[in-house]
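Worksheet: the structure to be examined is printed underneath.
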Amino acid sequence: MRMIMLGAPGAGKGTQAVKLAEKYNIPQISTGDIFRSNIKNGTELGKKAKEYIDKGMLVPDEITIGIVKDRLQQTDCKNGFILDGFPRTIPQAEYLDDALESMGVKLDVVLNIGVDDSEIIKRMSGRRVCPKCGLSYHTIFNPPKDAVNCDVCKVQVIQREDDREETVISRLKTYHSQTEPLINYYGGKGLLLTVEGRDKIDETTKAIFKALGV
Ligand code: ADP
Ligand code: AMP
């Protein structure tokens with residue numbers, strides 16, 4: 001299975017991608033997670049990416065495309081992958097088309113999770129993430145079992161710096177202007193599958209599995 005998760009920031013892409021990756025036994029590739037781990041490790045890439053991420057802007061295409069190119073060449077992507085947060089612009093999508101063609105593979109589906117902006121703001125303000133593995137939690141909708149630490153890594157979950165309300169508002173604007181056009185791009189290719197993302201996490205997972213026939 002080769003798939004893309006589309007949707008506004010906070011729509012639930014990461015939350016659902018983890019479940020899909022487990023179901024299909026393929027890697028979840030989150031460009032946001034790759035940037036955050038580079039920021040944490042103080043790499044040059046991390047320093048550059050942070051300037052954009054903190055402002056709620058997209059990291060430039062040439063940087064983002066470079067990391068995805070390397071990642072898709074790793075052996076664990078041979079039997080499929082879930083791209084979570086990439087592509088986010090038309091040039092990124094066009095690059096991906098070319099890259100997959102040269103790898104001799106095709107996308108199976110682009111899963112679009114639809115959620116209104118007002119719901120997004122609620123989700124982002126309560127989001128907490130594991131600084132180690134990147135798993136997403138929510139203070140109300142999906143708290144860690146002991147309310148404080150990641151269920152898997154047992155380290156304290158934290159709020160992302162770019163989940164502050166001012167940054168969330170710019171990220172939503174960026175989404176509408178630069179990423180939303182991908183809905184038509186993939187719709188035109190007959191690859192789009194849209195799932196309502198307003199329901200609870202488990203209900204949404206069920207709807208996705210049903211739509212995918214698994
Ligand atoms: P994305 O990867 O699209 O940015 P996340 O998967 O990190 O979004 O989800 C954003 C926040 O919303 C997290 O705090 C997550 O726990 C919560 N969340 C995800 N899906 C739902 C849902 N269906 N209902 C309520 N909260 C959700
Ligand atoms: P995410 O974890 O997917 O919400 O991504 C966090 C931030 O990383 C985004 O707000 C962007 O600044 C940056 N980012 C992640 N993926 C991309 C991408 N495909 N293109 C450009 N910037 C990205």
Side-chain angles (χ1 to χ4, degrees), residues 4-21 28-39 45-46 48-69 71-72 82-96 111-130 133-144 150-151 157-164 167-175 177-179 182 195-208:
I4 292 174
M5 309 285 295
L6 269 190
K13 300 183 295 297
T15 301
Q16 300 300 335
V18 169
K19 295 170 194 276
L20 285 160
Q28 167 204 9
I29 302 175
S30 156
T31 38
D33 281 350
I34 297 174
F35 288 136
R36 279 184 291 279
S37 96
N38 274 276
I39 293 173
L45 170 70
K48 261 190 245 160
K50 190 172 174 5
E51 287 173 34
Y52 299 92
I53 293 175
D54 285 353
K55 293 188 192 125
M57 292 163 68
L58 294 181
V59 177
D61 286 341
E62 55 278 20
I63 300 179
T64 311
I65 286 171
I67 62 169
V68 173
K69 199 171 171 183
R71 186 63 188 87
L72 286 178
I82 301 173
L83 284 168
D84 161 16
F86 182 93
R88 264 176 152 107
T89 64
I90 297 280
Q92 290 181 13
E94 289 169 346
Y95 156 76
L96 184 65
L111 186 73
N112 177 42
I113 307 185
V115 179
D116 294 342
D117 284 9
S118 56
E119 179 67 21
I120 295 285
I121 309 264
K122 272 192 255 165
R123 289 193 185 173
M124 308 275 262
S125 60
R127 171 156 62 185
R128 297 293 180 272
V129 295
C130 172
C133 73
L135 266 183
S136 251
Y137 295 91
H138 192 283
T139 48
I140 299 163
F141 307 132
N142 183 29
C150 173
D151 295 346
V157 298
I158 54 165
Q159 182 163 34
R160 273 170 49 173
E161 268 186 54
D162 61 342
D163 278 349
R164 273 176 286 122
T167 320
V168 169
I169 290 165
S170 14
R171 289 167 67 197
L172 271 175
K173 278 196 195 137
T174 305
Y175 166 75
S177 62
Q178 300 197 58
T179 308
L182 293 178
V195 172
E196 170 54 57
R198 251 180 324 183
D199 295 336
K200 291 194 176 124
I201 294 177
D202 288 351
E203 298 301 316
T204 306
T205 308
K206 271 190 215 147
I208 291 174

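Residue numbers start at 1 and run along the sequence shown. Atoms within each ligand, like the ligands themselves, are counted from 1 in listed order. The model shown is predicted, which means the values in this text are computed figures rather than measured ones.
- Polar contact with ligand 1: absent for G126 (N/O pair, distance under 3.5 Å).
- Side chains of R160 and R128 form no contact here, defined as non-hydrogen atoms less than 4.5 Å apart.
- Scanning all heavy atoms of the two residues, the minimum distance from A49 to F35 falls at CB-CD2, 3.7 Å.
- Those atoms of ligand 2 with a heavy atom of T31 less than 4.0 angstrom away are 15 (C), 16 (N), 17 (C), 19 (N).
- A salt bridge links D163 to R127: at least one charged side-chain nitrogen sits closer than 4.0 Å to a carboxylate oxygen.
- Contact atoms of ligand 2 toward Q92: 18 (C), 19 (N), 20 (N), 21 (C) (distance under 4.0 Å to a heavy atom of the residue).
- Residue R160 touches ligand 2 through its side chain alone, judged by heavy-atom distances below 4.0 Å.
- Atom numbering of ligand 2 starts at 1 in the shown order; those under 4.0 Å from a heavy atom of T64 are 18 (C), 19 (N), 20 (N), 21 (C).
- Looking at ligand 1, you won't find any N or O of F141 less than 3.5 Å from one of its N or O atoms.
- Distances from ligand 1 to the non-hydrogen atoms of G7 include no value under 4.0 Å.
- When hydrogens are left out, the protein atom nearest atom 4 (O) of ligand 1 is G10 N, 2.8 Å; that is the closest non-hydrogen contact.
- For the pair Y137 and ligand 1, the shortest N or O to N or O distance falls below 3.5 Å.
- Which parts of ligand 2 touch V59 is read off a 4.0 Å heavy-atom cut-off, strictly below it: atoms 13 (C), 21 (C), 22 (N).
- At a heavy-atom cutoff of 4.0 Å, ligand 1 is contacted by no atom of M124, backbone or side chain.
- Every atom of ligand 2 with a heavy atom of M57 under 4.0 Å away is listed here by number and element: 11 (C), 12 (O).
- Between K200 and E203 no salt bridge is recorded (no basic side-chain N to carboxylate O distance below 4.0 Å).
- Below 4.0 Å from some heavy atom of R171 lie the following atoms of ligand 2, by number and element: 4 (O), 10 (O).
- Summarising the contacts of atom 2 (O) of ligand 2 with R127, Q178, R36, M5, the nearest heavy atom is found in R36.
- The backbone of A8, and not its side chain, has at least one atom closer than 4.0 Å to an atom of ligand 1 (non-hydrogen atoms only; backbone = N, CA, C, O).
- In terms of heavy-atom proximity, E196 sits nearest to G114 at OE2-O, 3.6 Å.
- By the 4.5 Å heavy-atom criterion applied to side chains, D202 and K19 are counted as neighbours.
- Comparing P143, G85, S136 by heavy-atom distance to atom 7 (O) of ligand 1, the nearest is S136.
- Residue D84 forms a side-chain hydrogen bond (donor to acceptor under 3.5 Å, both in side chains) with just one option from K13, Q28, Q16, and that option is Q28.
- Among K200, R123, R127, the residue whose heavy atom sits closest to atom 18 (N) of ligand 1 is R123.
- Nearest to atom 7 (C) of ligand 2 among the protein's heavy atoms is I53 CG1, 4.0 Å.
- The proximity of D199 to ligand 1, defined as any non-hydrogen pair under 4.0 Å, is limited to the backbone.
- When hydrogens are left out, the protein atom nearest atom 15 (C) of ligand 2 is R88 NH1, 3.2 Å; that is the closest non-hydrogen contact.
- With no hydrogens or angles considered, no side-chain donor-acceptor pair links T204 and D199 at under 3.5 Å.
- Looking at heavy atoms from C-beta onward, D61 lies out of side-chain contact with I63 at the 4.5 angstrom threshold.
- Nearest protein heavy-atom contact of atom 19 (N) of ligand 2 is G85 O, 2.9 Å.
- The existence of a salt bridge linking E119 and R123 is confirmed by a sub-4.0 Å separation between a basic side-chain nitrogen and an acidic carboxylate oxygen.
- K13 does not count as a contact of ligand 2, since none of its heavy atoms falls under 4.0 Å from the ligand.
- Distances from ligand 2 to the non-hydrogen atoms of Y52 include no value under 4.0 Å.
- Looking at I39 and L45, their side chains never come closer than 4.5 Å, going by heavy atoms from C-beta outward.
- For ligand 1, the polar-atom distance check finds no N/O of D84 at less than 3.5 Å from any of the ligand's N/O atoms.
- Of the N or O atoms in E119, none lie within a sub-3.5 Å distance of an N or O in ligand 1.
- Looking only at heavy atoms of the protein, atom 14 (N) of ligand 2 is closest to F35 CE1, 3.6 Å.
- Nearest approach of A93 to L182, heavy atoms of both residues: CB-CD2, 3.7 Å.
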